[in-house]
Undergrad: 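Here you go, one structure.
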Amino acid sequence: MNKIDRIRTEFEKRKDPARAVSMAKYMRDQFPFYGIPAPERRKAYREILKEEKKKKMIDWDLLDACYREDHREFQYFVYDYLLAMKRYLVYEDIPRIQTYIQKKSWWDTIDFLDQVIGEIGLKDDRVDALMEQWSVDDDFWLRRIAIDHQLGRKDQMKPELLAKIIKNNLDSDEFFIQKAIGWSLRDYSKTNPRWVRGFIEEHRGQMTPLSLREACRYL
């Protein structure tokens with residue numbers, strides 16, 4: 001049995017039709033679900049991830065196949081796979097990851113994949129310039145990735161880069177961009193509240209109420 005069939009078999013064992021309906025509804029019925037909670041979902045492919053780690057290389061064919069599957073849990077597998085294999089990811093892999101970002105796009109996978117891009121950025125400074133490019137892209141999902149790819153970095157945050165990316169998006173009327181701006185500032189405020197206060201004071205007149213509310217939550 002190939003890997004995609006193994007994953008599908010494990011998902012079928014754990015499916016919950018009632019939960020699947022509510023999960024799909026939460027995502028505005030854009031994707032069908034098996035209805036598997038995250039801990040159970042990860043148990044379903046735990047052994048496969050162990051096997052993949054021993055190979056020390058990314059199976060892009062498997063990940064592509066998962067993105068061709070309808071059920072959303074297959075796209076969640078891609079995220080868990082990439083984070084499990086993050087030590088083997090390199091800058092040159094980003095175009096492949098970008099195809100996942102721009103396929104079947106919604107906030108759930110975007111908020112997973114920004115972590116993957118962020119992990120590569122910690123190893124390769126070329127990601128900084130790419131994120132500046134993405135921050136002005138026509139695709140607002142790429143812009144959201146750029147804004148939030150440094151989430152959780154704490155003292156490894158590059159505040160100048162964060163400021164540039166946010167300022168490129170202050171005039172956006174897109175909900176998911178306004179929310180991302182607030183989240184990125186809120187997250188960094190836990191590490192450097194003085195910097196975040198200064199940024200807000202300087203740009204308050206340009207920031208939307210949503211971004212301000214999120215950014216100021218811990219200040």
Side-chain angles (χ1 to χ4, degrees), residues 1-124 127 134 139 141-142 144-146 148-152 176 180 183:
M1 186 183 297
N2 63 33
K3 284 177 279 190
I4 196 79
D5 288 336
R6 285 173 62 191
I7 296 169
R8 185 182 297 106
T9 297
E10 293 300 321
F11 282 167
E12 288 287 344
K13 288 179 185 176
R14 293 168 169 81
K15 67 182 179 182
D16 182 335
R19 186 187 294 269
V21 171
S22 62
M23 291 173 75
K25 186 176 181 180
Y26 186 62
M27 293 297 164
R28 298 187 181 179
D29 292 312
Q30 295 184 87
F31 318 101
F33 283 80
Y34 284 108
I36 309 170
E40 281 299 309
R41 187 188 76 240
R42 294 187 175 110
K43 285 181 184 178
Y45 44 70
R46 180 185 296 163
E47 291 305 313
I48 289 177
L49 291 183
K50 286 181 181 179
E51 294 166 13
E52 292 298 297
K53 287 180 181 179
K54 292 177 182 178
K55 295 178 182 178
K56 300 181 180 180
M57 59 184 296
I58 308 293
D59 186 345
W60 295 105
D61 290 338
L62 171 61
L63 303 187
D64 289 347
C66 286
Y67 255 81
R68 290 194 292 269
E69 292 289 326
D70 292 332
H71 286 83
R72 197 59 163 167
E73 284 87 352
F74 279 100
Q75 283 90 66
Y76 296 161
F77 166 80
V78 171
Y79 156 75
D80 283 329
Y81 182 105
L82 289 172
L83 281 188
M85 302 288 282
K86 63 185 180 182
R87 72 174 66 181
Y88 308 112
L89 289 169
V90 295
Y91 180 83
E92 288 73 19
D93 292 325
I94 292 179
R96 288 181 177 270
I97 299 168
Q98 184 176 345
T99 64
Y100 304 146
I101 293 170
Q102 296 185 289
K103 186 176 182 181
K104 301 183 179 180
S105 304
W106 197 238
W107 64 263
D108 54 342
T109 51
I110 297 300
D111 289 357
F112 291 157
L113 293 170
D114 63 13
Q115 298 175 53
V116 176
I117 297 296
E119 288 291 337
I120 300 173
L122 286 172
K123 299 183 292 184
D124 196 317
V127 172
W134 283 14
D139 185 341
W141 292 120
L142 288 181
R144 183 174 168 102
I145 292 274
D148 282 346
H149 82 283
Q150 294 193 86
L151 286 176
F176 289 109
W183 281 352

Undergrad: So L82 and E119, do their side chains get closer than 4.5 Å, heavy atoms only?
TA: no
Undergrad: For L151, is there any backbone N or O sitting under 3.5 Å from a side-chain donor or acceptor partner on D148?
TA: no
Undergrad: Set out, in order, the CA-CA distance, both residues' side-chain angles and the distance that settles side-chain contact (heavy atoms from CB on, under 4.5 Å) for L49 and F77, then state yes or no.
TA: CA-CA 10 Å; L49 291 183; F77 166 80; 4.0 Å; yes
Undergrad: Please find the pair of heavy atoms, one from R144 and one from A180, that lie closest to each other, and give the distance.
TA: CG-CB, 3.9 Å
Undergrad: So, does K13 use its side chain to make a donor-acceptor pair with the main chain of A44 at under 3.5 Å?
TA: no
Undergrad: Among side-chain atoms of Y88 and D93, is any donor-acceptor pair under 3.5 angstrom?
TA: no
Undergrad: Minimum heavy-atom separation for D108 and R72, please, with both atom names.
TA: OD1-NH2, 2.8 Å
Undergrad: Return yes if some donor-acceptor pair links the side-chain N/O of Q30 with the main-chain N/O of M27 below 3.5 Å, else return no.
TA: yes
Undergrad: Can you list the steps and then say if E52 with K3 is a salt bridge (Lys or Arg N to Asp or Glu O under 4.0 Å)?
TA: CA-CA 10 Å; E52 292 298 297; K3 284 177 279 190; 3.1 Å; yes
Undergrad: Rounded to the nearest 0.5 Å, what separates atom CZ in F33 from atom CZ in F74?
TA: 13.0 Å
Undergrad: Between E73 and R14, is the closest basic N to carboxylate O distance under 4.0 Å?
TA: no
Undergrad: Looking only at non-hydrogen atoms, find the nearest pair between N2 and D5 and report the distance.
TA: OD1-N, 2.8 Å
Undergrad: Take K50 and R46 through the test side-chain contact (heavy atoms from CB on, under 4.5 Å) and record every step on the way to the result.
TA: CA-CA 6 Å; K50 286 181 181 179; R46 180 185 296 163; 4.0 Å; yes
Undergrad: Between F112 and L83, is the side-chain contact (heavy atoms from CB on, under 4.5 Å) condition met? List the steps.
TA: CA-CA 9 Å; F112 291 157; L83 281 188; over 6 Å; no
Undergrad: We want to know whether Y45 and R41 form a side-chain donor-acceptor pair, criterion being a heavy-atom distance below 3.5 angstrom.
TA: yes
Undergrad: Please lay out, stage by stage, how Y34 and R8 fare under the test side-chain contact (heavy atoms from CB on, under 4.5 Å).
TA: CA-CA 10 Å; Y34 284 108; R8 185 182 297 106; 3.7 Å; yes
Undergrad: Out of curiosity, L89 CG to D124 CG, how far, rounded to the nearest 0.5 Å?
TA: 12.0 Å
Undergrad: Can you confirm whether V116 sits close enough to Y100 that some side-chain heavy atom of one is under 4.5 Å from a side-chain heavy atom of the other?
TA: no
Undergrad: Would you call K54 and E51 a side-chain contact if the rule is heavy atoms closer than 4.5 Å?
TA: no
Undergrad: Taking all heavy atoms of D111 and all of D114, pick out the closest pair and write down the distance.
TA: O-OD1, 2.9 Å
Undergrad: How long is the gap from NE2 on H149 to CD on Q115, to the nearest 0.5 Å?
TA: 12.5 Å
Undergrad: Quick one: closest heavy-atom pair of L113 and Y79, and the distance?
TA: N-CD1, 4.5 Å
Undergrad: Before accepting this row, confirm whether a basic side-chain N of the pair R6/E47 lies closer than 4.0 Å to the acidic partner's carboxylate O.
TA: no
Undergrad: Look up atom CZ in R68 and atom CG in L63, then write down how far apart they are to the nearest 0.5 Å.
TA: 10.5 Å
Undergrad: Can you tell me how far the CD1 atom of I145 sits from the CD atom of Q102, to the nearest 0.5 Å?
TA: 9.5 Å
Undergrad: Can you measure from OG1 (T109) to NZ (K104) and round to the nearest 0.5 angstrom?
TA: 10.0 Å
Undergrad: Between I101 and W134, is there a side-chain heavy-atom distance shorter than 4.5 Å?
TA: yes
Undergrad: NZ of K103: more than 12 outside heavy atoms within 6.0 angstrom?
TA: yes
Undergrad: Hey, would you say the F176 and W106 ring centroids sit under 6.0 Å apart?
TA: yes
Undergrad: Measure across C66 and I4 and return the closest heavy-atom pair with its distance rounded to 0.1 Å.
TA: SG-CD1, 3.6 Å
